[in-house]
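Whatever order the structure lists ligands and atoms in, that order sets their numbers, starting from 1.
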Amino acid sequence: MRIVLVGPPGAGKGTQAVLLAQHLSIPHISTGDLFRANISKGTELGRQVEEIIRSGGLVPDEVTVAMAADRMAQADAEDGFLLDGFPRNIAQAKALDELLHESGHKIDAVLDLEVPEDEVVKRIAGRRTCRNDSSHVFHVEYKQPSEAGRCDVCGGELYQRDDDREETVRKRLAVYHEETEPIIGYYREQGLVVTIPALAPVPEVTRRALAALPERR
Ligand code: AP5
Ligand code: ZN
């Protein structure tokens, strides 16, 4: 199964992606997590993208598509994957179509997580992320770690992402509306979009997402 998750920053894509990927036994591929891992390891790619991410802009398509293609190539061709944060504009969506076409595959579903803007702002403001692995996320109110400031998964230190500061969040939301939302129309024309009302507790959103997926293939 090949699934694309879309939705504004803070909608809960990462949270749902981890759970859905476990449930469906497919890899979770998050371009944001891959970039952050490169930044924390101090790789050349990390140095290249650090400032762009801190400011809330989009990393150039060439860099992003190459990284995503590389990661997808490591996934088992038959099992598929769940993409989180990619594609993020029409050019990336077209590049993904081409990559899949080359391997004789296609996207099965695009899940659009719908959350009101005031709620995403609250979710981002309270988010705390693990320094060891940015897919380990908590929230000061909605998902408190059992030990303050420590990740329940790996014990790593929890911190607030640089791009989660209020001004950058406004920029990321603007970029989302301008660049990313159009891909929903692009995929809707192909009949792939399912809108998931995501203003609900985490397990309920997972249930809705699983119920919306086409039959396993
Ligand atoms: P990325 O990491 O993809 O960030 P994003 O899309 O802005 O998404 P977030 O990680 O902010 O939120 P999320 O939807 O995953 O929410 P989460 O589950 O954490 O990208 C970061 C940057 O990298 C970009 O700005 C860009 O610079 C660059 N980049 C990445 N991909 C790129 C691409 N393809 N092209 C170019 N540049 C790219 O949840 C948020 C909080 O809410 C958490 O605290 C969570 O605990 C809580 N929460 C989740 N669900 C619920 C719920 N149902 N109820 C209550 N609380 C909840
Ligand atoms: Zn952790």
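H136 contributes atom ND1 as its closest N/O/S atom to the Zn ion (ligand 2).
The heavy atom nearest to atom 10 (O) of ligand 1, out of those in R54, R161, K13, is found in R161. For atom 44 (O) of ligand 1, the nearest non-hydrogen atom from the set Y176, F138, F35 comes from F138. Across the listed options L19, I53, V18, I53 owns the non-hydrogen atom lying nearest to atom 22 (C) of ligand 1. Of the listed options P8, G32, G10, G10 places a heavy atom closest to atom 12 (O) of ligand 1. When the heavy-atom distances from atom 25 (O) of ligand 1 to P203, P60, G57, P9 are ranked, the shortest goes to G57.
A cation-pi arrangement is absent between R128 and Y159 under the rule of less than 6.0 angstrom and at most 45 degrees off the ring axis.
We find that K13 and D84 are not joined by a salt bridge, their nearest charged nitrogen and carboxylate oxygen being 4.0 Å or further apart.
Put simply, CG on L210 and CD1 on I196 are 9.0 Å apart, with the number rounded to the nearest 0.5 Å.
For ligand 1, the polar-atom distance check finds no N/O of G56 at less than 3.5 Å from any of the ligand's N/O atoms. Residue D163 has no N or O atom closer than 3.5 Å to an N or O atom of ligand 1. In terms of polar-atom proximity, A11 is counted as a contact of ligand 1, with an N or O under 3.5 Å from an N or O of the ligand.
Ligand 1 has R36 within reach: a non-hydrogen atom of the residue lies less than 4.0 Å from it. In this structure, A17 has no heavy atom closer than 4.0 Å to ligand 1. Using a 4.0 Å heavy-atom cutoff, G126 is absent from the residues neighbouring ligand 1.
In the displayed structure, K94 atom NZ is contacted under 6.0 Å by at most 12 heavy atoms of other residues, nucleotides or ligands.
Taking every heavy atom of G14 and a limit of under 4.0 angstrom, the matching atoms of ligand 1 come to 13 (P), 15 (O), 18 (O). Under a 4.0 Å criterion applied to the non-hydrogen atoms of Q92, ligand 1 contributes the atoms 33 (C), 34 (N), 35 (N), 36 (C).
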